[in-house]
Protein chains: 2
Amino acid sequence: MYRIGEFSKICRVPVSALRYYSDIGLLPPVATDPSSGYRYYEAGQLPRLNRILALKDLGLSLDEIGSILDNDLSAAELRGMLRLKQAEMSRAVAEQQAQLDRVESRLRLIESEGEMSDYEIVLKEIDAQHVLSLREIAPEPSHVGTMIGDGFAALMPAGIMPTAPCFSLYHDPEFKPDHIDVEIAYPVPADVTTAPQTPAGRSFGHRIVPGGKMAVTIHQAGYDTIDQAYGALGKWLEANGLGMAGPPQEAYLTAPDDPGGPITEIRIPVE
Amino acid sequence: MYRIGEFSKICRVPVSALRYYSDIGLLPPVATDPSSGYRYYEAGQLPRLNRILALKDLGLSLDEIGSILDNDLSAAELRGMLRLKQAEMSRAVAEQQAQLDRVESRLRLIESEGEMSDYEIVLKEIDAQHVLSLREIAPEPSHVGTMIGDGFAALMPAGIMPTAPCFSLYHDPEFKPDHIDVEIAYPVPADVTTAPQTPAGRSFGHRIVPGGKMAVTIHQAGYDTIDQAYGALGKWLEANGLGMAGPPQEAYLTAPDDPGGPITEIRIPVE
DNA sequence: CTTGACTCTCCAGTAGCTGGAGACTCCATA
DNA sequence: TATGGAGTCTCCAGCTACTGGAGAGTCAAG
C-alpha cells in the first residue's frame, strides 16, 4: 500500500490529478483511512491507470473513459468510439491547419504592405433571407441610391418593415460604371411575398437570397472610396486561396442622414 | 442606435457574446440607459467588432486583442505577436496530428487483432535518476532475482533506502537466455555515491540513468510471461513508427511476497 | 515533544462564452 | 389605460481537467 505521494512517483501522475481521479470515481484508492482521510493505493491499480492514460492520450474525455472501463466495452464498441473520435479529430486538425494558414497569409500581407490595412475581413456564416427585391440595369452608380429610396417609399406606406438592413446585389460578371445589373433587396418575414409598385413604377420580386460562408468587411466612408474595400477583399481572398461563389452584396447600415457618415457592409460569398 | 438584439442580427454575433464583450470592456456599448441598463450600439462600432473577430480568428485571446486595440499597436508589433502565435500553433497542429496518428494506429491494431490487448502502452517523460547499480552477465533469467536480493542485503544494513522501486536494465543488443548483460539499479538521493560490497561480494557502481521519453507498460503476472508485454510494446513501437533509444528497463513494483502477485513496469526509451 | 514532510478538504481560477432564473422595460394593440 | 409578448437586464452556474493555495490535521524520526 502506497500513500498518494509515493504512488504519484511510481506512476508519474501528479498528486492533484490522482486526487481528482479519486474524486470523480475514475480511480478510487484501494483504501481510505476513515479517520485521517489518507488515500492508499497499490501497484495492482497501475493497469487501470495505464488504460486511463492511454485512452486519454487518444483524446477521449474522462467521462468517456469512465464508461469504457466500467462497462467493459468490447473491442468493437471501442472501435466505434475511436472511429467517431478520429473523424472529429481530423476535422479539428484541418480547422487548426486552416487557422494557421490564415495567420501565415496575414503575416505575408503585413510584410508585403509594411502597414496594417484599414479593413478587417472576417469569414461569417450568413443565413438565407426572404427578400422583396427590385432589379434593373443602372446607368450610373448614383442611380442605386434613388432605387433604394424608391423601394422604401413603396414599402413603408404598405406597412412592410424590413427585418434587417436593406442590401444590394451586383450581378455583373464584371464592373461597368454605365451598365450595372443591380438588385436591391429588402429582408422581410417569410409570409410577406408581395408589395405594391413603387412610386416610380418599379415592381417587387420575391425570392430567397441564399446564405452560406461569406467574406465580410465594413466600409466606413463615402461610396466613392468603396473600391478600397473591394481591393482589400480581393487581396484577402487571394491570400486565403478562396474564390467568389455568387454576387457580392452591400448592406447599408446607416440612415442616409447619419451624422457619423455612411457605413456599408460588403459581403462576398466564397467557395 | 441599435438595441443589443438588432445589433446582434446585423453583426451576426450572439447577444450573449456581445454582453460578454461589454462586460470585459472589449466592446462597450456606445451608450447605456442608466435607468433600464439597456445597451445601445451603433453601426460605427462594427469596424472595431470586425477587428476583434478577425484577430480572434487568428487565435489571439480576448485579452491580447484588447491590448492590441487599445494600445493601437504598430504593424511591426502585431507581426511579432503573430509570429509567436504561429510558432505556438504549428506546434499545436503537429501535436494534434500526432494524436490523430495514434488513434489511427490504435484502430489498425484493434482491427488486425480482433480483440483488445491486455497491455496499454503509454508514452511518459521519465526523469533521470541517481542510482547505485550492480552489473554482470547472468547465466539464466532467475539469476536476476538473486542479484536483486543480494543488493538489498547490502543497502538496508548500511541505512540506504532506495527512493523509488529498484529496476533492471538489459544491455544486450539481442536476447540470449544464458548470457544476459543485466544491471540492477537502486535509485538513491544524489549525495549517496557509495555502498559496501554485497554479501555475495558484488560491488556497486554509481551513475545517472538518463531520462527521456519512454514507452511504458505494466505486466501483472509471473515473470515467465513477460515476453507478452515485450511483444505488445514491440507492436506498439512499430505501429507508432518509433524505435528503441536505449536499454529496456524493468521496474519491480511489488514486494516478493505480495499476495496480488508480482507487478513489473517495463520501460523502453524511444526516439 | 518538536520538527518537517506529507496529506486532507474546500475553494477559486483557468477561456469564452452559454443557458437559466427572476425581474424589468418597451411597444403595440384592445 | 390595461395587457400581453418580446426583448432586455443582472447574476450565477456550468463547461474541461485539472492546478494552486489556505488552513488544518497526520505521520515518522530525532
Side-chain angles (χ1 to χ4, degrees), chain A residues 1-41 49 52-67 85 88-89 92 96 99 159-161 163-164 189, chain B residues 1-41 49 52-67 85 88-89 92 96 99 159-161 163-164 189:
Chain A
M1 300 245 287
Y2 299 106
R3 292 198 306 194
I4 198 168
E6 302 162 304
F7 192 64
S8 158
K9 234 188 286 174
I10 290 173
C11 62
R12 284 157 295 249
V13 170
V15 170
S16 56
L18 289 177
R19 271 201 272 258
Y20 181 62
Y21 295 158
S22 137
D23 285 351
I24 64 172
L26 190 58
L27 185 78
V30 72
T32 305
D33 184 322
S35 75
S36 70
Y38 275 33
R39 296 170 178 85
Y40 291 96
Y41 294 86
L49 179 52
I52 292 172
L53 296 178
L55 294 171
K56 192 160 79 77
D57 192 47
L58 297 179
L60 298 170
S61 73
L62 298 188
D63 247 24
E64 293 167 320
I65 295 172
S67 56
K85 270 290 163 214
E88 198 177 302
M89 284 175 65
Q96 272 237 358
Q99 195 182 13
I160 301 173
M161 271 294 287
T163 54
Chain B
M1 300 244 286
Y2 299 107
R3 293 197 305 194
I4 198 168
E6 303 161 304
F7 193 65
S8 158
K9 234 188 288 176
I10 290 173
C11 62
R12 282 157 294 248
V13 170
V15 169
S16 57
L18 289 176
R19 270 201 272 260
Y20 181 64
Y21 295 159
S22 138
D23 284 350
I24 63 172
L26 190 58
L27 185 79
V30 72
T32 305
D33 184 321
S35 74
S36 69
Y38 275 34
R39 296 170 178 84
Y40 291 95
Y41 294 86
L49 179 52
I52 293 171
L53 297 178
L55 293 171
K56 192 159 78 73
D57 192 46
L58 298 179
L60 298 170
S61 73
L62 298 187
D63 248 23
E64 292 167 321
I65 294 172
S67 56
K85 271 291 163 215
E88 199 177 302
M89 284 173 64
Q96 272 239 359
Q99 196 182 15
I160 301 172
M161 271 294 287
T163 54

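Chain identifiers are assigned alphabetically (A, B, ...) following the order of the sequence lines, protein sequences preceding nucleic acid strands; residue numbering begins at 1 within each chain.
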Exercise for the section: Name the closest nucleotide to the A:Asp33 side chain, picking from D:dT8, D:dC27, C:dC17. Expected result: D:dC27
Exercise for the section: Could you tell me whether B:Asp63 atom CG has more than 12 heavy atoms of other residues or ligands within 6.0 Å of it? Expected result: no
Handout entry: Whole angstrom value for the distance that separates C1' of C:dC17 from CG of B:Leu27
Key = 15 Å
Practice task
Verify the contact: side-chain N or O of A:Arg39 to OP1 or OP2 of C:dT7, cut-off strictly under 4.0 Å; return yes or no.
Solution key: no
Practice task
Check whether any side-chain N or O of A:Lys56 sits under 4.0 Å from OP1 or OP2 of D:dT16, and answer yes or no.
Solution key: no
Practice task
Please check the phosphate of D:dC18 (OP1 and OP2 only) for any side-chain N or O of A:Tyr21 closer than 4.0 Å.
Solution key: yes
Problem - Interatomic distance, A:Leu53 CG vs D:dC18 P [rounded to whole Å] - result: 9 Å
Problem - Rounded distance in Å - CG (B:Asp63) to C1' (C:dG13) - result: 14 Å
Handout entry: Phosphate OP1/OP2 of D:dT19: any A:Ser16 side-chain N/O under 4.0 Å
Key = yes
Practice task
Answer yes or no: does a side-chain N or O of B:Arg3 lie under 4.0 Å from OP1 or OP2 of C:dC26?
Solution key: no
Practice task
Would you kindly give the CD1-to-C1' distance between B:Ile24 and C:dG16, to the nearest whole Å?
Solution key: 8 Å
Completion exercise
Taking C:dG16, C:dT7, D:dA17 as options, the one with an atom nearest any side-chain atom of B:Ser61 is C:dG16
Problem - Charged N-O contact under 4.0 Å between A:Lys85 and A:Glu88 - result: yes
Practice task
Round to the nearest Å and state the distance from A:Met161 atom CE to C:dA28 atom C1'.
Solution key: 13 Å
Practice task
Specify the separation, in whole Å, of atom CD of A:Glu6 and atom P of C:dA5.
Solution key: 16 Å
Problem - Nucleotide nearest B:Ser36 when distance is taken to its side chain, options C:dT18, D:dT19, C:dT25 - result: C:dT25
Practice task
Could you tell me the separation between the CD1 atom of B:Ile65 and the C1' atom of C:dG16, rounded to a whole number of Å?
Solution key: 11 Å
Handout entry: Salt bridge present between B:Asp23 and B:Arg39 (N-O < 4.0 angstrom)
Key = yes
Practice task
Drop me the distance from B:Cys11's SG to B:Leu18's CG, to the nearest 0.5 angstrom.
Solution key: 5.0 Å
Handout entry: Closest-nucleotide 5' rank along DNA chain D - winner of A:Tyr38 and A:Tyr20
Key = A:Tyr20
Completion exercise
Here the gap from B:Tyr21 atom OH to B:Leu27 atom CG, rounded to the nearest 0.5 Å, amounts to 9.0 Å
Practice task
Give the rounded distance in Å between these two atoms: OH of A:Tyr2 and P of C:dT7.
Solution key: 14 Å
